[in-house]
Amino acid sequence: MAATSSDKIDVLIYGPLRPILEKGFPDSFNVHHATTQADLEALPAEVKGRIRGVAVTFHTVKTDAAVMASLPRLEIIASFGVGYDHIAAAHAGQHGIVVTNTPDVLTEEVADVALGLLIATCREFIKADRFVRSGEWTSKPYPLSVGSLRDRTVGMVGMGRIGQAIARRLEASLVPVVYHSRNAAAGVANKHYPDLLQMAKDVDTLVVIVPGGASTNKIVNAEVLKALGPRGVVVNVARGSVIDEAALVDALKSGTILAAGLDVFEKEPAVPDELKAMDNVVLLPHIGSAAIVTRNAMDQLVVDNLKVWFAGKPPLTPVPETPVKGR
């Protein structure tokens, strides 16, 4: 016998709608959609009162305590992406709401982008591309790049899954790697620096891949950039909030550091005009995981977390703030 409407499980897709999310649930689910918080607030109270699961589909959609309170039957929030600083996960945990993210399925993709961004920044790929397109190459050779990976030591700011994948790529390229994190990473042989400033003094390149949030807000600040020095290169594939963007602009303009490669920004999609005008900066539109195959895998993991939860099983990838040992 087919499930009646009242028997079905109501879930909300909160944020941008994509095919796997829209069509990935079986007939036993009622799927609702709200692109923005205003759309969510406009849902009838009767609908909000039935919603038991939420798929948060992008990091720009904030899911705070007020959003959770508006959904009195909420059991689980399945978030798209590894970072989940846009979700009040600690609050969720305190109120019996499970939060999941999408680790692993995007690790290698983001690591590829990080290495590509670092090489493009050091070897001036974007600037060289413009040189060819402008026709200048017909009249003069392109000048030697100041930057190179050959004489660098990379300091990883963060050494989680993605950080370790980036480190593997760098080491395969014969680039020495050290790292900073609050605690030493289990099973990682690279030198660990508990103090970020000391690491910045000892290296000339920072690759930033830490979660966003209050604990990492502007951890790469003017003092860290000064310690990195005039050969310094900064690559950020984490969150825009982890770098003091104004201090970075000043450091690039003054020659305090050499260059930067940025996939994320403090107020994206707004990017400071000063950064856009610089030749020593490579700018990407937050595309770390933005390949069809990887984004599809992330969407599927969001759906799968909700499906297994409502099948009475533990979620596949709960975040530490909301651990689940069983149902």
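Nothing here was measured: the structure is a model prediction, and the numbers come from that model.
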Can you tell me how far apart CG (N280) and NZ (K127) are? Round to the nearest 0.5 Å.
8.0 Å

Is K226 atom NZ crowded by more than 12 heavy atoms from other residues, nucleotides or ligands, each under 6.0 Å away?
no

Modelled atom types, side-chain donor and acceptor of R152 and T205, under 3.5 Å:
yes

Return the OG1 to CG distance between T100 and N305, rounded to the nearest 0.5 Å.
3.5 Å

Is the F58 ring parallel, tilted or perpendicular to the F80 ring (thresholds 30°, 60°)?
tilted

Can you tell me how far apart CE (M298) and CZ (R18) are? Round to the nearest 0.5 Å.
7.5 Å

With a 4.0 Å cut-off on N to O distance, would you call R73 and D10 a salt bridge?
no

Return the CZ to CG distance between F29 and L306, rounded to the nearest 0.5 Å.
7.0 Å

Please indicate whether K253 has more than 12 foreign heavy atoms, meaning atoms of other residues, nucleotides or ligands, lying under 6.0 Å from its NZ.
no

Checking T216 side chain against P211 main chain: does a donor-acceptor pair fall under 3.5 Å?
yes

Give the C-alpha distance, both sets of side-chain angles, the deciding distance and a yes or no for side-chain contact (heavy atoms from CB on, under 4.5 Å) between V54 and M68.
CA-CA 10 Å; V54 174; M68 295 181 207; over 6 Å; no

Report the distance from atom OG of S145 to atom CZ of F125, rounding to the nearest 0.5 Å.
8.5 Å

Parallel under 30°, tilted from 30 to 60°, perpendicular over 60°: which one fits the rings of Y142 and F131?
perpendicular

What do you reckon, is CD of E22 surrounded by more than 12 foreign heavy atoms closer than 6.0 Å?
yes

Enter the distance from N101:CG to L301:CG here, rounded to the nearest 0.5 Å.
8.0 Å

